[in-house]
> 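Below is one structure. I have some questions about it.
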Amino acid sequence: MSAKVMHVGSIIDGQELKGGNRTTQEVRNPYNGEVVGKIDYVTDGDLDRAIATAERVFHETMRHIPAYQRSAILRKAADLLEARTEEFARTLVVEAGKPIRDARGEVSRAVQVIRFASDEAKTLGGELVPMDAAVGGENRIGMVRHYPVGVVAAITPFNFPLNLVLHKLAPAFAAGNTVVLKPADKTPLSSIALARLFEEAGLPKGALNVVLGRGSKIGEPLVTDPRVAKVSFTGSVPIGLQIRKWAGLKKMTLELGSNSPNLIFDDADLDTAIAGLVRGAFAFSGQACISVQRIYVQSSVYNDFLIKYVKQVKQLHIGDPMLETTDIGPMISEDEAKRAETWVKEAELEGAAVMTGGRRNGTVMEPTVLANVKSNMKVVCQEVFAPIVSVIPFDTEEEAVRMANDSDFGLQAGVFTNNINRALRLADQLVTGGVWINEISTYRQDNHPYGGVKLSGIGKEGVKYAIQDMMESKFIGIKIL
């Protein structure tokens, strides 16, 4: 193997665990299949030790660290990550196949997430309750204080292996919790590097424990362990539903799937909308839960939109994700690319028209635009999680809302219109966790509340809102004698 291959193990109580009777798994570059890393999976004993360590460090250390120190640790971690942007970006390219420009963007967002958490760590106060608002409440003082929950189990996906990990770690540390992190099998290298970075920033050993292994093996014992107080999962709907069954009454955040609708009205700025919708559908080969998947266009501008949209999609550059010019790189695996290709072929057999794309080369799926689709096709009603978008005409506002809401998902939507009344009506009527006006569904800032309804999940992320879900409220009353 080349000298660039990293051999890493789980990190528990600051110690990296490799060798012995642990199973070794290769990490491969999705673009060219090269081995870029080797990871040693945890044993049952390792996992138990990770949870025990997190519980011990929470009670002995983390919950007692004052807010200004937690804030300072996070601030230093952000500075260290920013200084190592290129190093982390290149790791994202080789383990996830993310184009280098997008990878740098992910690192930049990750830095922001940590800084938001650093700021929030110093604002976690409580509130006074007006006890005399109730009859008999005279001479009483009521207050609410917030306390960290304890051990957080964080289970993360492959598509944003740095930023989505930090959407769990940074709020947890800001609140004073400890974490057992299980990163995605295919993208563990950035998580190991991140754990070392937090240690360098001054996070106590054992506050972050990274366990490497297959979710099918270690997911259930991690989630069901009584020492784990909170579960935060980002991933597929079937696994999310299983985790909810396992977790019982634990606090829980589930960020699951979507097939995001974007509505284009005839008074919209088409050129602005098209530029955003090309980016939103095909960035990282569509492997984001809020990727543009369904584009509903008012009939009077449908043909004009479709011609211009397809023209811009055809200009995207496909190739090696390490090249600065690449827009479209590989999907995470050939199996996923084959699935996407199969869905397109199924749609064609059912009458859909492929306006561009539709072909696969290994792990690379061409950016694909479909027309003449039906609402029951997989490419429309399920989460495609691939560089495939369907463009669908509508006549009236009511029809557009009905079609957009005809989904088992409801994460985020985009609406393009210059009619403020319509914009506000649709913001109310679309059944999603978030609605953007004159912006694509794929746009996410790391400080706004983010989370869906229906099968898109429960709970909210966005640093401030994630922190709230990682704390418990306690009422304290005082009777003045």
> Has Asn29 got a side-chain atom pairing as donor or acceptor with Glu34's backbone, closer than 3.5 angstrom?
no
> Counting only heavy atoms not in Asn419 (residues, nucleotides, ligands), do more than 12 fall under 6.0 Å from its CG?
yes
> Hey, is Glu398 close enough to Arg402 for a salt bridge, meaning N to O under 4.0 Å?
no
> Does Thr85 reach the side chain of Ser108, with side-chain heavy atoms less than 4.5 Å apart?
no
> Could you grab the distance from atom OG1 of Thr156 to atom CD of Glu255, nearest 0.5 Å is fine?
13.0 Å
> As a test of understanding, state which of Arg294, Gln293, Met377 forms a side chain to side chain contact (heavy atoms under 4.5 Å, CB included) with Val384.
Gln293
> For residues Phe173 and Phe198, establish whether the separation of their ring centroids is below 6.0 Å.
yes
> For the residue pair Phe284 and Asn159, what are the closest heavy atoms and their distance?
CE2-O, 3.2 Å
> Among pairs that include at least one residue of residues 394-429, which meet ring pair (Phe, Tyr, Trp, His ring centres under 6.0 Å), considering only residues two or more places apart or in two chains?
Phe265-Phe394
> Rounded to the nearest 0.5 Å, what's the gap from CZ on Phe116 to CD1 on Ile467? Could you check?
11.5 Å
> Is the backbone of Ala207 close enough, under 3.5 Å, to the side chain of Thr178 for a donor and an acceptor to pair up by distance?
no
> Measuring from Ile218:CD1 to Asp46:CG, what's the distance to the nearest 0.5 Å?
10.0 Å
> Cationic tip of Lys98 within the cone over Tyr31's six-membered ring, i.e. under 6.0 Å and within 45° of the normal?
no
> When rounded to the nearest 0.5 angstrom, what is the spacing between CG in Asp408 and CD in Glu383?
12.0 Å
> Which atoms form the tightest heavy-atom contact between Asp225 and Lys250, and what is the distance?
O-NZ, 2.7 Å
> Do Glu324 and Arg101 have side chains that approach each other closer than 4.5 Å (heavy atoms only, starting at C-beta)?
yes
> With no hydrogens and no angle check, is any side-chain donor or acceptor of Arg214 less than 3.5 Å from a backbone partner on Tyr41?
no
> Please walk me through it: do Ile114 and Val463 pass side chain to side chain contact (heavy atoms under 4.5 Å, CB included)?
CA-CA 9 Å; Ile114 307 175; Val463 177; over 6 Å; no
> Got a donor-acceptor contact below 3.5 angstrom from the Ser10 side chain to the Leu212 backbone?
yes
> Do the charged groups of Glu336 and Arg360 touch, with an N to O distance under 4.0 Å?
no
> What heavy-atom pair brings Pro99 and Thr326 nearest, and what distance separates the two atoms?
CB-O, 3.7 Å
> Looking at side-chain heavy atoms only, is the closest gap between Val435 and Leu426 below 4.5 Å?
no
> Is the closest side-chain heavy-atom distance between Val297 and Pro393 below 4.5 Å?
no
> Could you check whether Lys460 makes a cation-pi contact with Tyr465, meaning its NZ or CZ is under 6.0 Å from the centre of the six-membered ring and within 45° of the ring axis?
no
> Go through the steps for Leu92 and Ser190 under the test side chain to side chain contact (heavy atoms under 4.5 Å, CB included), then give the verdict.
CA-CA 7 Å; Leu92 298 181; Ser190 50; 4.1 Å; yes
> Going by an N to O cut-off under 4.0 Å, is there a salt bridge joining Arg90 and Glu95?
no
> If only atom types and distance count, is the side chain of Glu26 paired as donor or acceptor with the main-chain N or O of Val35 below 3.5 Å?
no
> How far apart are the C-alpha atoms of Arg115 and Leu74, what are their side-chain angles, what is the distance that settles it, and do they pass the side chain to side chain contact (heavy atoms under 4.5 Å, CB included) test?
CA-CA 7 Å; Arg115 287 185 175 145; Leu74 289 162; over 6 Å; no
> Answer yes when Glu397 and Arg422 have at least one side-chain N-carboxylate O distance shorter than 4.0 Å, and no when they do not.
yes
> Where the side chain of Glu334 meets the backbone of Thr363, is there a donor-acceptor pair that is under 3.5 Å apart?
no
> For residues Leu256 and Cys289, report the shortest heavy-atom separation together with the two atoms involved.
O-CB, 3.7 Å
> Between Leu254 and Arg244, is a side chain to side chain contact (heavy atoms under 4.5 Å, CB included) present by the stated rule, with each step listed?
CA-CA 8 Å; Leu254 298 177; Arg244 188 174 189 185; 4.1 Å; yes
> Run the side-chain hydrogen bond (donor to acceptor under 3.5 Å, both in side chains) test on Lys338 and Ser333 for me, step by step, so that the C-alpha distance in whole Å, both residues' side-chain angles and the decisive distance to 0.1 Å come before the verdict.
CA-CA 9 Å; Lys338 286 179 178 178; Ser333 69; over 6 Å; no
> Supply the atom-to-atom distance Ile290 CD1 to Tyr443 OH, rounded to the nearest 0.5 angstrom.
10.5 Å
> Mind listing the closest non-hydrogen atom pair of Ala340 and Ala386 along with its distance?
CB-CB, 3.6 Å
> Side chains of Val8 and Pro188: does their closest heavy-atom pair fall under 4.5 Å?
no
> Using only atom types and a distance under 3.5 Å, with no angle test, would you say the side chain of Asn262 pairs donor to acceptor with the backbone of Ala413?
no
> Would you find a donor on one side and an acceptor on the other, under 3.5 Å apart, between the side chain of Asn209 and the backbone of Val180?
no
> When you measure from the side chain of Thr432 to the backbone N and O of Gln412, does any donor-acceptor pair fall under 3.5 Å?
no
> Between the side chains of Asp446 and Arg109, is the shortest nitrogen-to-carboxylate-oxygen separation below 4.0 Å, so that they form an ion pair?
yes
> So, using side-chain hydrogen bond (donor to acceptor under 3.5 Å, both in side chains) as the criterion, who are the partners of Lys168 when residues are at least two apart?
Ser232, Thr234, Glu461
> Please name the pair of heavy atoms, one in Ile100 and one in Leu323, separated by the smallest distance, quoted to 0.1 Å.
CG2-O, 3.6 Å
> Within the side chain of Thr368, is there an N or O that forms a donor-acceptor pair under 3.5 Å with the backbone of Glu366?
yes
> Flag the pair Asp327 / His317 as yes when at least one side-chain heavy-atom distance between them is below 4.5 Å, and no otherwise.
yes
> Can you check whether Trp436 reaches Val415 side chain to side chain, under 4.5 Å on heavy atoms?
no
> Is there side-chain contact between Asn418 and Asn438, with heavy atoms separated by less than 4.5 Å?
yes
> Return the CD1 to NZ distance between Ile39 and Lys186, rounded to the nearest 0.5 Å.
10.5 Å
> Salt bridge (Lys or Arg N to Asp or Glu O under 4.0 Å) between Arg339 and Asp335: does it pass, once the steps are laid out?
CA-CA 6 Å; Arg339 175 192 59 80; Asp335 285 345; over 6 Å; no
> Can a salt bridge be assigned to the pair Lys464 and Glu120 using a cut-off of 4.0 Å between side-chain N and carboxylate O?
no
